[in-house]
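Scroll down for the structure; my scribbles are underneath it.
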Amino acid sequence: MAKAAIEATSTSEADDVPDVRLSGVRKTYGDVVAVDRVDLDIRRGEFFTMLGPSGSGKTTMLRMVAGFELPDEGRVELAGADVTDLAAYDRDVNTVFQDYALFPHMTVGDNVEYGLRVAKVSREERGKRRAEALEMVRLPGYDDRKPNELSGGQRQRVALARAIVNRPRVLLLDEPLGALDLKLREQLQVELKQIQREVGITFIYVTHDQEEALTMSDRIAVFNEGRVEQVGEPEGVYERPSNAFVAGFVGVSNLIHRDGGSFTVRPEKVRLIAPGEPVEGLVVEEGTIADVSYAGMITRFHVTLDGGDRLQVARQNLEQTSHEDEGMRGERVKVGWRREHTVAVAEQQG
Ligand code: ADP
Ligand code: MG
């Protein structure tokens, strides 16, 4: 019985080993602290996103996971093994960059096969895996094209095929859709997520685009000035931001200051209250409409509350069109939201 208990423990421990573990990772360039003692556990098969503004340390963090940079402090583990001092090519990790980085003189097929050739995989096996990878990224039969005969989106799919063809344990993607226009980006967001589910590889995805992060990720780490401000599922990060930075970066900040504390409420949770409308269970504030902006699906009202804070209210245009709203600038209004949608947030330090 004691033995069974021990076995059970060790099995559950093996399942619990994160695919990537970062402990106290720090990296400086002269006076600049690019990454400041980051701790993160990334699970096997997870779509994990590092989200943050430009300069917040995302790329530096990714380069340390890949082995292109050495941390000043801290450790990097892959599948339970410490790889901090291993060279990039000895890590079971591949990277996809924003700028494709395909070999222009090689065909698509040769680009995809490149890593397998280097690894001295047999010709027959190479052909099989190349076909599989191109199938996976929805480019079957594109083997003989040259990169300059492809669109930007197709080139990025080839880059992805090349990165998954040797089945790395972890794939790192640094703003891979950043160079594409909005429509294509949205389409590839959905596809990339599907592909990740199919191949089952752990993805660490870097972006500064909050909507992209919310759409694609199993979990998100929000970066700010080299530190992780919050880690959680998209819904948690959006609905329950833990501080003012996260509230403002992942969505509209809508920060309201009262009695020395701060709280936030998301614009789609707030509505304009019609005269005489019952307000039981609602938090109600009064103010003046400072601005109205019609955006098709929704109209945004910017309300200056009597306490001085600015609140954005988003109204879905189920019945209304823009004309009815135009005259509302300068009007006195009541706004309200359900009490449970108020989220207390910590102010930023420093
Ligand atoms: P992000 O990818 O979030 O935009 P980076 O990791 O590229 O952020 O950069 C984080 C900080 O580190 C920035 O202030 C950047 O200027 C600095 N930095 C990054 N790489 C270098 C480098 N090779 N030399 C000097 N400073 C660097
Ligand atoms: Mg970057």
Side-chain angles (χ1 to χ4, degrees), residues 20-40 42 47-76 78 83-85 87-88 91 93-102 152 155-156 159-160 163 170-182 185 188-189 192 202-217 219-232 234 237-238 241-251 253 348-350:
V20 179
R21 167 166 283 175
L22 309 172
S23 328
V25 175
R26 182 176 157 92
K27 179 78 187 174
T28 57
Y29 298 102
D31 291 342
V32 177
V33 183
V35 171
D36 196 4
R37 298 198 177 91
V38 165
D39 297 303
L40 284 174
I42 296 158
F47 196 119
F48 190 91
T49 297
M50 296 179 180
L51 169 69
S54 174
S56 60
K58 309 179 297 294
T59 293
T60 304
M61 189 65 256
L62 214 60
R63 290 174 60 81
M64 289 190 282
V65 178
F68 302 136
E69 298 277 359
L70 205 62
D72 301 341
E73 290 174 28
R75 312 305 298 171
V76 177
L78 289 177
V83 299
T84 316
D85 301 312
R91 300 185 187 192
V93 167
N94 269 346
T95 309
V96 176
F97 301 98
Q98 179 175 328
D99 49 3
Y100 324 122
L102 298 177
R155 269 182 245 170
Q156 207 48 324
L160 182 64
V170 178
L171 190 63
L172 311 175
L173 304 100
D174 195 352
E175 314 238 7
L177 309 181
L180 307 175
D181 64 47
L182 180 64
R185 206 159 73 221
L188 279 176
Q189 284 167 8
L192 206 53
T202 305
F203 273 30
I204 307 183
Y205 191 93
V206 160
T207 182
H208 64 271
D209 180 331
Q210 52 121 344
E211 204 167 303
E212 187 162 294
L214 293 171
T215 308
M216 301 177 84
S217 317
R219 285 190 306 148
I220 299 170
V222 183
F223 275 68
N224 177 32
E225 296 182 343
R227 290 185 308 268
V228 173
E229 299 275 2
Q230 187 170 357
V231 185
V237 169
Y238 183 77
S242 61
N243 62 37
F245 176 81
V246 177
F249 191 72
V250 189
S253 63
Q348 268 172 280
Q349 303 140 345

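Atoms within each ligand, like the ligands themselves, are counted from 1 in listed order.
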Do [X] and [Y] come close enough that some side-chain heavy atom pair is under 4.5 Å?
X	Y	value
F223	V38	yes
T60	M64	yes
F48	V20	no
S217	Y205	no

| said: Given a heavy-atom cut-off of 4.0 Å, could you list the residues near ligand 1 in chain and number order? | reply: Y29, V32, A34, P53, S54, G55, S56, G57, K58, T59, T60
| query | Partners of D209 by salt bridge (Lys or Arg N to Asp or Glu O under 4.0 Å), sequence neighbours excluded? | reply | R185
| field | Sequence-distant partners of E73, salt bridge (Lys or Arg N to Asp or Glu O under 4.0 Å), two or more places apart | value | R26, R37
| Any idea how many protein N, O or S atoms are nearer than 2.8 Å to the Mg ion (ligand 2)? | 1
| Distance in Å, M50 CE paired with D174 CG, rounded so as to fall on 0.5 Å steps | 10.0 Å
| Between CD of Q230 and CD1 of I220, what distance do you get to the nearest 0.5 Å? | 9.5 Å
| said: With no hydrogens and no angle check, just 3.5 Å: does a side-chain donor-acceptor pair link E175 and Q98? | reply: no
